[in-house]
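Side chains are part of it too, since the values below use all heavy atoms of this structure and drop only hydrogens, waters and symmetry mates. Each ligand, and each atom within it, is numbered from 1 in the order the structure gives.
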Amino acid sequence: MEHNRQIGVGRTAEVWEHGEETIVKLYLEDFPPEAVGQEFKVSTYVYNQGSVRTPRPVELIEAEGRRGIVFQQIHGRSLLSLISGQPWRLSGYARQLASLHYELHQLEGSPALGRYKEQLRRQIVAAPILSMEEKTAILEHLQQLPEGSRLCHGDFHPDNVLIDAEGAWIIDWMNGICGNPAADAARSVLLFSMGTMPPGSPLVKRVVTSFIRQKLTKVYIREYLRLSGGSYAGINAWIVPVAAARLTEGIPAAEKEQLAKEIRRRLRSLRKA
Ligand SMILES: Nc1ncnc2c1ncn2[C@@H]1O[C@H](COP(=O)(O)OP(=O)(O)OP(=O)(O)O)[C@@H](O)[C@H]1O
Ligand SMILES: [Mg+2]
C-alpha cells in the first residue's frame, strides 16, 4: 500500500494521507477487529444522519496484516492544538465543545450500535483494582440510572474535534454507542479533569496545565447545562460508573490509581446519602 505523509498517531492507530483527499486510519496490528468494525459502523451511521459533520467513511481495508478505514480528509487542526496554541481563547473553545456535544446528543441512537449501560456493566465487572463489594455497589447505582436512546460519542474530547475554515468536524467514533447523553457528558468531564491524552500529544503534559483542565471542565459543564436545561446532578451521577469502566482501558497505572481513589471517595458519600 502506498503511504504518503503521516498525519497523526494515537493510542490505537496511525493516520496517513492516502489517495485523493482521503486518509487511512491504520490500526495497530493486534487491535481487535470488532472495534474497527464498530468505528466504521458508527461513523457510517452518523455520516448518514447528515446533521453532524463527520468525515465520510469510504471503506474498510486490510493491508500488511493491519486493518484500516479510509475516510475523507479534513484540512484542519484539532481543537486540542488550537487550545494549546491560544490558551487565552479557552473559554470560547470550551463552549464550542459543549455545543458540539449537545448537538450530537440531539440525534437518536440505534440499539444496533450497542447500549451504553450494558457496555458499562460489562466493563465494571471486568475492571481491575476494585473489590467485588465495590463493583456490586457501583452496579446497583448504575441500575438506577436512566437508559436513554440518543447517540453518544463515547470519547468526546478536544483531540477528537477538527476545525477547518468552515467549522468543526467530529472524528474517532470507535466508542460511539446508544444511550444517555448525561453518561457521555460525564465521560467527557472525567477526561477533561483527569484524563491523559494519547502519546504524540505532549501538549497536554506541557501546556494543558491543571488550571486549563479545571477551566475547560467548568466552562464545558456550565455551557452544556445551559443548552440542555439539565442539572449537574444528572451528569454527576454517571461519574462513578464511567470512571470504573475506564479502569479497563489501556491508561497509565498512575491514572488508574487516581480513578480508583476518586471512585472510592464518591462511593463513601453515596453510602452516606
Ligand atoms: N479524516 C481525517 N482527516 C484529517 N486528519 C485526521 C482525520 N482523522 C484523523 N485525523 C488525524 O489523526 C489523529 C488521530 O485520529 P483519531 O482520533 O481518529 O485516532 P486515535 O487518536 O488513534 O484514537 P484515540 O483517540 O482512541 O487514541 C487526529 O487527531 C487527527 O489529527
Ligand atoms: Mg483520537
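Under the ring-ring contact (aromatic ring centres under 6.0 Å, His included) criterion, Y27 pairs with F31, not counting sequence neighbours. For E262, the salt bridge (Lys or Arg N to Asp or Glu O under 4.0 Å) test picks out R265, R266, with sequence neighbours left out.
When distances to the Mg ion (ligand 2) are checked against a cut-off of 2.8 Å, D172 contributes an N, O or S atom below that limit. Look at N160 and the Mg ion (ligand 2): an N/O/S atom of the residue is under 2.8 Å from the metal.
Salt-bridge annotation for D30 and R66: absent, with no side-chain N of the basic residue lying under 4.0 Å from a carboxylate O of the acidic one. With salt bridges taken as basic N to acidic carboxylate O contacts below 4.0 Å, one links E249 and R246.
When heavy-atom distances to ligand 1 are checked against a 4.0 Å cut-off, N160 comes that close only through its side chain, counted from C-beta outward. Counting heavy atoms under 4.0 Å from ligand 1, residue P55 touches it through the side chain alone.
Within the 4.0 Å heavy-atom cutoff, A13 counts among the residues contacting ligand 1.
When only interatomic distances are considered, the shortest N/O to N/O separation between Q73 and ligand 1 does not fall below 3.5 Å. Ligand 1 has an N or O atom lying under 3.5 Å from an N or O atom of K25, backbone or side chain. Ligand 1 has a nitrogen or oxygen under 3.5 angstrom from a nitrogen or oxygen of Q72. Checking only distances, I171 never comes within under 3.5 Å of ligand 1, N or O to N or O.
Taking the six-membered ring for Trp and thresholds of 30 and 60 degrees, W173 and H153 have ring planes inclined between 30 and 60 degrees apart. In this structure, H101 and F156 have parallel ring planes: the angle between them is below the 30° cut-off, well short of the 60° mark.
For ligand 1, the atoms sitting less than 4.0 Å from at least one non-hydrogen atom of T12 are 20 (P), 22 (O), 23 (O), 26 (O), numbered in the order shown with element in parentheses.
Each of E17, E39, E14 was evaluated against K25; a single residue qualifies, E39, per the salt bridge (charged side-chain N to carboxylate O under 4.0 Å, His left out) test.
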